[in-house]
Amino acid sequence: MLLLLALLGVAMNLVSLTPQRSQDTMADFLPMSTASATFPNVQCWVFNVEFMNCTWDSSSGPQSTNLTLYYWYRDPPKECSQYLFAGAITSGCWFGREDIDIYNNFNVELRAPGRHFKQEMKLQDLVIPWAPDNLTVYSVNDSQLELKWASSYKATCLQHLVQYKSDIDSSWTEQYVHQRQQFGLPSVDEHKLYTFRVRSRFRPYCGNAQQWSQWSPVVQWGGRRPRERPSLPVLETVLVPLGLLTGFIFLITMLTRLERVWVVLMPRIPSLNSLDDLVTTHQGNFSTWSGVSKGLAESLQPDYSERLCHVSELPQKAGAQSEGSGGSPCSQHNPYWAPPPCYSLDPEP
């Protein structure tokens, strides 16, 4: 009997110690399976600590009215000021830089009439940085390459994943780089074409983010480019053949003119077959037949005239009679010139 009374007293004490909680307070402690059956899960991503999107699946949960989102760190809850919509139904909330505090616990609460669901997040684990940019690759020496890039967030909080492969590789080779924004690749072959790309994420020093950024644009080095013969500029490609053609035409023109001058200055060499033409057509005029111009033929004529003087030897006995007669043995052919002295040959005594 005493044992039964003792057990009854313990049961009464347990009932008196159970707190009375409101329906809203109990909703905060509902199991995840029960909460997810009535409210969608909220997923937040912080993009480069510049803005943040918190979204939920608007196709699940109560659809009779739009869900409202409240958020807070330590201050009282505030409603979202810029909702995202899927059609006419709210599906998320956009937060500016001034609403982001990545190192304080971030609380969100979805509300519907008579119901609500609360979540707590660590934003430092939800940061997605922008993809690296300004990738440049250059050769340090004959067998080593250096890859550099730039990031829009402070390097001390980032780790990078470098991927590279040559044109004969079927898969990427990966290399992690912490804090630094450069990567060296030794023992390269300049006959191969190398391709590089980089992406980034928050490192454990600043947060435990597991989400990588997008890949940077690829950059390439080597292969055909170092071995290619430098091509001539378009202007030289056009001007060189044009200059050669112009020079060839000028040379042909000069040779044609020289040939004409040579024909004018050089008389034609007679042949046996053309002697008849010389006699019959040109009546023995060699200058006309040979093609020598009239001016050239006249220029070759002497510009002076000579008189003829006949000298004869007389017998000895007839010499005196010849002198006595006063005649002159010379015959003058040109009346405009004074006759030169005439001489006769006298026999020796």
Would you say the side chains of Ser216 and Asp133 form a donor-acceptor pair under 3.5 Å? no

Using every non-hydrogen atom in the two residues, find where Arg199 and Gln214 come nearest and quote the distance to one decimal. CB-O, 3.6 Å

A quick test of your reading: do over 12 heavy atoms of other residues, nucleotides or ligands sit less than 6.0 Å from OH of Tyr103? yes

Gamma sulfurs of Cys54 and Cys44 within less than 2.5 Å: yes

Any side-chain donor near an acceptor of the partner, Gln220 and Thr195, under 3.5 Å: yes

List the atom of Ser200, the atom of Pro132, and the distance in Å for their closest heavy-atom pair. OG-CG, 3.2 Å

Drop me the distance from Ile100's CD1 to Leu126's CG, to the nearest 0.5 angstrom. 11.0 Å

Could you please spell out the steps behind the side chain to side chain contact (heavy atoms under 4.5 Å, CB included) verdict for Asp189 and Tyr194? CA-CA 9 Å; Asp189 184 358; Tyr194 291 89; 3.9 Å; yes

Quick one: pull up CG in Leu145 and OG in Ser187 and give me the separation to the nearest 0.5 Å. 10.0 Å

Pair Gln159, Gln179 - check side chain to side chain contact (heavy atoms under 4.5 Å, CB included), show working. CA-CA 6 Å; Gln159 64 175 343; Gln179 300 186 35; over 6 Å; no

Quick check on Gln182: does its CD atom have over 12 non-hydrogen neighbours (other residues, nucleotides or ligands) under 6.0 Å away? yes

Do Ile102 and Trp212 share a hydrophobic cluster, counting only Ile, Leu, Val, Met, Phe, Trp and Tyr and linking them when any side-chain heavy atoms are less than 4.5 Å apart? no

Determine, step by step, whether Glu109 and Arg111 satisfy the salt bridge (charged side-chain N to carboxylate O under 4.0 Å, His left out) criterion, reporting the C-alpha distance in whole Å, the side-chain angles of both residues, the deciding distance to 0.1 Å, and the verdict. CA-CA 6 Å; Glu109 185 178 69; Arg111 295 183 183 180; 2.5 Å; yes

Can you find a pair of side-chain heavy atoms, one from Leu185 and one from Tyr164, that are under 4.5 Å apart? yes

When the aromatic ring centroids of Phe95 and Phe47 are compared, is their separation below 6.0 Å? no

Non-hydrogen side-chain atoms of His160 and Tyr176 separated by less than 4.5 Å: no

Do side-chain atoms of Asp75 reach the backbone of Trp72 as a donor and acceptor pair under 3.5 angstrom? no

Do Val49 and Val127 have side chains that approach each other closer than 4.5 Å (heavy atoms only, starting at C-beta)? yes

For Arg201, enumerate each residue passing the salt bridge (Lys or Arg N to Asp or Glu O under 4.0 Å) test, keeping only those at least two apart in sequence or located in another chain. none

Atom CG of Asn53 and atom OG of Ser91: how far apart are they, to the nearest 0.5 Å? 9.5 Å

How close do Trp45 and Gln211 get, counting heavy atoms only, and between which atoms? CZ3-CB, 3.7 Å

For residues Val198 and Leu147, determine if any side-chain heavy atom of one lies less than 4.5 Å from a side-chain heavy atom of the other. yes

Which atom of Ile168 lies closest to which atom of Lys192, heavy atoms considered: CD1-CE, 3.5 Å

Quick check on the 6.0 Å ring-centre criterion: do Phe196 and Phe183 meet it? no

Taking atom CH2 of Trp56 and atom SG of Cys93, what is their separation to the nearest 0.5 Å? 6.5 Å

Grouping ILVMFWY residues whenever side-chain heavy atoms fall under 4.5 Å, the cluster of Tyr138 otherwise contains Val140

Glu50/Trp130 under side-chain hydrogen bond (donor to acceptor under 3.5 Å, both in side chains): CA gap, chis, key distance, verdict: CA-CA 10 Å; Glu50 295 180 9; Trp130 300 136; 3.2 Å; yes

Do Arg97 and Met52 come within less than 4.5 Å of each other through their side chains, counting heavy atoms only? no

Do Glu190 and Trp221 have a side chain donor and acceptor closer than 3.5 Å? no

Could you give the distance from CG (Leu110) to NE2 (His116), rounded to the nearest 0.5 Å? 11.5 Å

Taking the six-membered ring of Trp172, is NZ or CZ of Arg197 closer than 6.0 Å to its centre and within 45° of its axis? yes

CG of Asn208 to CG of Asp125: how many Å apart, nearest 0.5 Å? 5.0 Å

Is the backbone N or O of Ser143 less than 3.5 Å from a side-chain atom of Asn141, with the two atoms forming a donor-acceptor pair by type? yes

Option passing side chain to side chain contact (heavy atoms under 4.5 Å, CB included) with Ser151 (candidates Leu158, Asn48, Asn134): Leu158

Taking the side chain as everything from C-beta on, heavy atoms only, tell me whether Met121 gets closer than 4.5 Å to Val42. yes

Under 4.5 Å between any side-chain heavy atoms of Lys118 and Val108, yes or no? no

Should we say atom OH of Tyr73 is surrounded by more than 12 heavy atoms from elsewhere, each under 6.0 Å from it? yes

Report yes if some heavy atom in the side chain of Phe106 is under 4.5 Å from a heavy atom in the side chain of Asp101; otherwise report no. no

Same cluster (ILVMFWY, side-chain, under 4.5 Å), Leu84 and Val46: yes

Which atom pair, heavy atoms only, marks the closest approach of Pro77 to Tyr70? CB-CB, 4.2 Å

State, without any angle test, whether Glu79 and Tyr83 hold a side-chain donor-acceptor pair at a distance under 3.5 Å. yes

Show your working on side chain to side chain contact (heavy atoms under 4.5 Å, CB included) between Asn104 and Arg74 and close with a plain yes or no. CA-CA 8 Å; Asn104 280 315; Arg74 295 178 181 176; 3.6 Å; yes

